**Student:** 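The structure follows.
Predicted model only: the values in this text are computed from it and were never measured.
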Amino acid sequence: MKALVIGATGATGKDLVNQLLNDKDFEEVDVFVRKPIDIQNNKLKVHIVNFEKPEEWKDQVKGDVAFSCLGTTLKDAGSKEAQRKVDFGYQYEFAKAAKENEVEDYILVSAYGANPDSKIFYSKMKGELEEAVKKLHFTKITIFKPGMLERKDSERTGEVLGSRIIKFANKLGLLESQKPLPTDILAKAMINSSKIKSNGYSSIKLGNIFCFAEKSND
């Protein structure tokens, strides 16, 4: 199979790319990034792109399965408008290009609590992206909705603190369903889902100790 990846430089994306390169079922892994990445592998093809200009790279989004795990934080983006451009705009353009090039299997990392009707900016944005991508009508689409992610060597202060609080609560027998999910486990689940032959839409809520899947053929 040939995999297409957006978000390859993030924590989940790095784990995903490494696992794809070591997976015998994938002969080629194409990543779409803004700057070169420090990985050398015969299976890897790196596309340096300007996400602001999809017309320059959309014809290269051709393969068997597309993985979308791009994302930023409000702090890194600088404003809600800038964050939405990355978390919604860039990802939607990638999904649209994949659909136009007849990619059949699309796998999207969203977020727990994503809801287009939410009053919370982040949850609303993620929910709107889910709905927009679903309307592209891929043959198969899987949306992962993880809770808090546990990233290796994370420098996000709030994320690190939140993870520590939840882990402390876990030791007391609290918040068991909200254990931080390591990004390598999420990446493995994404790859496993690409190997399941099915049609339609699946929504998967992942935690460290639970997985809930909702499937629809609509």
Side-chain angles (χ1 to χ4, degrees), residues 1-21 23 25-39 41-73 76-111 114 116 125-144 187 190-191 193-195 199-203 218:
M1 289 191 290
K2 178 180 177 180
L4 310 167
V5 181
I6 186 174
T9 60
T12 300
K14 287 179 181 177
D15 285 329
L16 175 64
V17 170
N18 285 330
Q19 291 182 30
L20 286 169
L21 293 175
D23 192 313
D25 290 329
F26 289 89
E27 293 86 25
E28 184 177 340
V29 180
D30 284 24
V31 299
F32 295 79
V33 292
R34 286 173 284 191
K35 56 185 178 180
I37 59 176
D38 189 23
I39 301 178
N41 191 291
N42 292 333
K43 292 167 59 173
L44 180 66
K45 184 173 183 179
V46 180
H47 301 268
I48 308 298
V49 302
N50 180 350
F51 287 111
E52 300 282 351
K53 299 179 178 180
E55 67 278 2
E56 295 180 352
W57 50 264
K58 64 179 183 179
D59 291 341
Q60 301 173 57
V61 186
K62 296 178 180 178
D64 299 296
V65 53
F67 296 91
S68 180
C69 46
L70 182 66
T72 186
T73 63
D76 289 342
S79 68
K80 289 182 178 179
E81 293 75 15
Q83 185 180 20
R84 182 178 174 82
K85 180 183 292 186
V86 175
D87 280 45
F88 182 94
Y90 293 172
Q91 292 200 81
Y92 179 71
E93 289 297 334
F94 179 71
K96 188 168 69 171
K99 177 61 180 179
E100 290 174 354
N101 292 323
E102 300 182 348
V103 176
E104 294 189 350
D105 191 354
Y106 199 83
I107 298 172
L108 171 68
V109 177
S110 182
M125 175 179 62
K126 289 295 186 181
E128 289 175 344
L129 176 62
E130 289 183 13
E131 293 304 309
V133 172
K134 284 163 61 178
K135 288 178 181 178
L136 293 173
H137 300 294
F138 285 92
T139 300
K140 176 188 171 190
I141 177 170
T142 308
I143 298 179
F144 283 86
M190 293 168 68
I191 293 174
S193 72
S194 73
K195 299 180 182 182
N199 294 334
Y201 158 66
S202 296
S203 174
D218 296 336

**Student:** I'd like to know if the side chain of K43 reaches the main chain of F26, judged simply by a donor and an acceptor atom lying under 3.5 Å from each other, with no hydrogens or angles considered.
**Tutor:** yes
**Student:** Counting only N and O atoms by type, is there a donor-acceptor contact under 3.5 Å from the side chain of N101 to the main-chain atoms of V61?
**Tutor:** yes
**Student:** In terms of relative ring orientation, are Y106 and F138 parallel, tilted or perpendicular, with 30° and 60° separating the classes?
**Tutor:** parallel
**Student:** Can you confirm whether K80 is buried at NZ, in the sense that more than 12 heavy atoms of other residues, nucleotides or ligands lie under 6.0 Å from that atom?
**Tutor:** no
**Student:** Would you indicate whether the side-chain heavy atoms of V33 and K35 approach each other to under 4.5 Å?
**Tutor:** no
**Student:** Using 30° and 60° as the class boundaries, would you call the ring planes of W57 and F32 parallel, tilted or perpendicular?
**Tutor:** tilted
**Student:** Quick one: OG1 on T142 to CZ on F67, what's the gap to the nearest 0.5 Å?
**Tutor:** 9.5 Å
**Student:** Between Q83 and T72, is there a donor-acceptor pair closer than 3.5 Å when you use the side chain of the first and the backbone of the second?
**Tutor:** yes
**Student:** Backbone N or O of K45 within a donor-acceptor pair of the E28 side chain at under 3.5 Å?
**Tutor:** no
**Student:** Any salt bridge linking K134 with E131? Criterion: basic side-chain nitrogen under 4.0 Å from a carboxylate oxygen.
**Tutor:** yes
**Student:** Rounded to the nearest 0.5 Å, how far does CE of M1 lie from CG of D64?
**Tutor:** 7.0 Å
**Student:** Output yes when a side-chain donor or acceptor of K2 lies under 3.5 Å from a complementary backbone atom of K62, and no otherwise.
**Tutor:** yes
**Student:** State the CD-CD distance between E93 and E100, to the nearest 0.5 angstrom.
**Tutor:** 8.5 Å
**Student:** In this structure, are over 12 heavy atoms from other groups packed under 6.0 Å from N42 atom CG?
**Tutor:** no
**Student:** Give, for atom CD1 of I191 and atom CG of D25, the distance between the pair rounded to the nearest 0.5 Å.
**Tutor:** 10.0 Å
